[in-house]
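For clarity, every value in this text was computed on a predicted model and none was experimentally measured. Chain naming here is simple, since letters A, B, ... match the order of the sequence lines and numbering starts at 1 in each.
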Protein chains: 2
Amino acid sequence: MSLRSALLTLLTAGPQTGYDLAKNFHSSVGFLWHAPDSQIYPELKKMQAEELIDGYPVPWGTKGATKTEYAITETGLQYLNTWQGQAVTYRPERSEVRLRAAYFEFADDDDARACLEEHLRHYQQVVESVHGQIRDLKDQSAAIHQRRLARYPEADHPKITRFKIFAYEGILKQAEAEISWAQDGLAMLEELTTAAQPRS
Amino acid sequence: MSLRSALLTLLTAGPQTGYDLAKNFHSSVGFLWHAPDSQIYPELKKMQAEELIDGYPVPWGTKGATKTEYAITETGLQYLNTWQGQAVTYRPERSEVRLRAAYFEFADDDDARACLEEHLRHYQQVVESVHGQIRDLKDQSAAIHQRRLARYPEADHPKITRFKIFAYEGILKQAEAEISWAQDGLAMLEELTTAAQPRS
DNA sequence: CCGCACATGTAAGATGTTACATGATTGA
DNA sequence: TCAATCATGTAACATCTTACATGTGCGG
């Protein structure tokens, strides 16, 4: 049900079409809970059926075409609040890279090293992209965030922004842990190969 | 295909019945890649059909009953080596707790705090249980690991053990990052509530 | 002879992935 | 007028979760 909550949080920033939602999703809350468009549209329909959101046609273009705009309902807001009160369900660990590392004895030396180097690169990119997100929040250049703030009293702005930054900092810490792990691993591999093949 | 690889790595420690595999799974490789029994048994059948493993009946009890024991085939070993050479597919982030934290403005103060406290507890437990795993590896009290080592030349033992410990250390670093994040979050919440309700 | 461990699953449903499909509008 | 963006999905498949189902052997 996290997808549902994620979409609702987006709609608390104001009414949007499915397309807008999908786009905003990918540039904000999607960093915390990813979903492809193909999951978003059907979910919106279901949420409308359950009256968590309200969908209505708005004109589009000149030829009388319409698109559907969605707005969160009172029920939807309650849903968010209830959700926040429920216990988080922790999914059991499933880490492909960790699994591999545990059985590197079946990998060629080059493959093991490549695996960890890739890991390093991957999380370095994560760090960069999350730093970008945090910067955008801090200097208010995130469009959806501006829209959100505009709907709340100014006194609440700091904490609303702070929560988002805090969440991103969590990803940052994870990524940094992964980077440090990969570096340790590369050092370990280095040590093992030099021990096996001492230089003459 | 990680489940498949996980099962194959287990079988490199020696032939086992489905039941043994399931049990050993939960006490070793399952920490890195979780799977319930209901996934394990069908997967074994599929792997047998594809000749990655060999299944044959062995007697059980006194009444001529049998159970099926599985052994990894040459093809299975090749599969493991190929798998290690492939690029890891990184799944996009999906973190319920991070999603919540980002939108704590919709949570009651108590719920937000409870959420982070639970997070802290959860990962403290992870740390303990992983420390246990590492200890078992270091003092050789993990049965499946002993069985594994017995099949390889003594010179390889240190690195085989080291890889497993390295993998667990990754989980440890993750968990420690989560603990630190939760603590930061609790401090943040504390600060926000005292700022909102200054003591008289 | 009773209960726990051994042994082996099935079935239904939720969730997630990947690829494909189609037409309208708008700005250069 | 042509490409990018807007708009909205469907279909097939893989994967994962949860719950249930059933019988044997062995030790006390």
Side-chain angles (χ1 to χ4, degrees), chain A residues 1-7 15-27 29-30 32-50 53 55-70 87-96 99 143, chain B residues 1-7 10 15-27 30 32-50 53 55-70 87-96 99 143:
Chain A
M1 297 288 94
S2 291
L3 173 55
R4 184 161 287 210
S5 303
L7 288 169
Q16 293 152 78
T17 64
Y19 184 84
D20 288 335
L21 274 165
K23 229 180 16 142
N24 289 326
F25 196 96
H26 300 313
S27 68
V29 71
L32 309 172
W33 188 273
H34 166 88
D37 295 2
S38 65
Q39 252 190 307
I40 293 176
Y41 285 106
E43 187 64 27
L44 287 172
K45 292 241 156 158
K46 274 197 270 176
M47 288 160 73
Q48 189 182 3
E50 296 177 38
I53 61 178
Y56 45 87
V58 295
W60 180 47
T62 49
K63 297 185 189 158
T66 60
K67 52 186 178 179
T68 309
E69 196 171 76
Y70 296 99
V88 172
T89 57
Y90 286 90
R91 303 198 179 288
E93 180 83 9
R94 262 194 198 108
S95 166
E96 193 187 335
L99 178 59
Chain B
M1 297 286 94
S2 291
L3 172 54
R4 185 161 285 209
S5 303
L7 288 169
L10 259 188
Q16 294 152 77
T17 65
Y19 184 83
D20 288 335
L21 274 164
K23 230 181 13 142
N24 289 326
F25 196 95
H26 300 313
S27 68
L32 309 172
W33 188 275
H34 166 88
D37 295 1
S38 65
Q39 253 190 308
I40 293 176
Y41 286 105
E43 187 63 27
L44 287 172
K45 291 241 155 157
K46 274 197 272 176
M47 288 161 73
Q48 188 182 6
E50 296 176 39
I53 61 179
Y56 45 87
V58 295
W60 181 46
T62 49
K63 297 184 188 157
T66 61
K67 52 186 177 178
T68 308
E69 195 172 77
Y70 296 99
V88 172
T89 57
Y90 287 90
R91 303 198 180 287
E93 180 82 9
R94 264 195 195 105
S95 166
E96 193 187 335
L99 177 59

Asks: Which heavy atom of Leu21(B) sits nearest to which heavy atom of Leu44(B), and what is that distance?
Replies: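 Shortest heavy-atom contact: CD1-CD2, 3.7 Å.
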Asks: In whole angstrom, what separates Gln48(B)'s CD from dT8(C)'s C1'?
Replies: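 So the two atoms are 14 Å apart, to the nearest Å.
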Asks: In whole angstrom, give the distance that lies between atom CG of Leu7(A) and atom P of dT8(D).
Replies: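 From Leu7(A) CG to dT8(D) P: 14 Å.
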Asks: Grab the CZ-C1' distance between Phe25(B) and dT8(C) for me, whole Å please.
Replies: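 Checked: the CZ to C1' distance equals 17 Å.
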Asks: Distance check needed: dA7(C) P versus Gln16(B) CD, whole Å only.
Replies: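 Result: 11 Å.
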Asks: How long is the line joining NZ of Lys45(A) and C1' of dT10(D), in whole Å?
Replies: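 My rounded result for the distance is 11 Å.
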Asks: On DNA chain C, nearest-nucleotide positions of Pro36(A) versus Tyr70(B): which is more 5'?
Replies: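 Mapping each residue to its closest nucleotide by heavy atoms, the 5'-most match is Tyr70(B).
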Asks: Counting only side-chain nitrogens and oxygens, does Arg4(B) get under 4.0 Å of the OP1 or OP2 atom of dA14(D)?
Replies: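 Negative; the distance criterion is not met.
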Asks: Within the 4.5 Å heavy-atom criterion, are Trp60(A) and Val58(A) side-chain neighbours or not?
Replies: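 They are not in contact (no side-chain heavy atoms under 4.5 Å apart), so the answer is no.
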Asks: Between the base of dT18(D) and the side chain of Ser38(B), is there a donor and acceptor pair under 3.5 angstrom?
Replies: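 Between dT18(D) and Ser38(B), which were checked side chain against base, a qualifying N/O pair under 3.5 Å is present.
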Asks: Taking C-beta and beyond as the side chain, do Glu93(B) and His34(A) meet within less than 4.5 Å on heavy atoms?
Replies: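 In short, these two side chains do not touch, never coming nearer than 4.5 Å.
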Asks: Would you tabulate the nitrogen or oxygen pairs shorter than 3.5 Å linking the protein to nucleotides 3-7 of chain D?
Replies:
from	atom 1	to	atom 2	distance (Å)
dC6(D)	OP2	Tyr19(A)	OH	2.4
dC6(D)	O5'	Tyr19(A)	OH	3.3
dA7(D)	OP1	Lys67(A)	NZ	2.3

Asks: For residues Asp37(A) and His26(A), determine if any side-chain heavy atom of one lies less than 4.5 Å from a side-chain heavy atom of the other.
Replies: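 A side-chain contact exists here, since the closest heavy-atom pair is under 4.5 Å.
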Asks: Taking the side chain as C-beta and beyond, is there a heavy-atom pair between Lys23(A) and Tyr19(A) under 4.5 Å?
Replies: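 Yes, close enough: below the 4.5 Å cut-off.
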Asks: What's the closest nucleotide to the Pro42(B) side chain, out of dT10(D), dT17(C), dT10(C)?
Replies: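 Selected nucleotide (nearest to the side chain): dT10(C).
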Asks: Between Gln39(A) (side chain) and Leu3(A) (backbone), is there a donor-acceptor pair under 3.5 Å?
Replies: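 Not confirmed, Gln39(A) side chain does not pair with Leu3(A) backbone.
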Asks: In this structure, which one of Arg4(B), Lys46(B), Met47(B), Glu43(B) forms a side chain to side chain contact (heavy atoms under 4.5 Å, CB included) with Ile53(B)?
Replies: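 Answer to the side chain to side chain contact (heavy atoms under 4.5 Å, CB included) test with Ile53(B) among Arg4(B), Lys46(B), Met47(B), Glu43(B): Met47(B).
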Asks: In this structure, how many angstroms lie between the P atom of dT10(D) and the CD atom of Glu43(A), rounded?
Replies: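 After rounding, the reported distance stands at 13 Å.
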Asks: Could you check whether any side-chain heavy atom of Pro15(A) comes within less than 4.5 Å of a side-chain heavy atom of Tyr56(A), counting everything from C-beta outward?
Replies: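 Yes; the side chains approach each other to less than 4.5 Å.
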Asks: Please give me the minimum heavy-atom distance between Ala35(B) and Phe25(B), naming the atom from each residue.
Replies: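 Shortest heavy-atom separation between Ala35(B) and Phe25(B) comes out as N-CE2, 3.5 Å.
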Asks: Just how far, in rounded Å, is P of dA5(C) from CG of Asp37(B)?
Replies: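 Computing the Asp37(B):CG to dA5(C):P distance gives 14 Å.
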Asks: Polar-atom pairs under 3.5 Å, protein N or O versus N or O of nucleotides 13-15 of chain C: list them with distances, or write none.
Replies:
none

Asks: Between P on dT8(D) and CD1 on Ile40(A), what's the gap in Å once rounded to a whole number?
Replies: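 For the pair Ile40(A) CD1 and dT8(D) P, the rounded distance is 12 Å.
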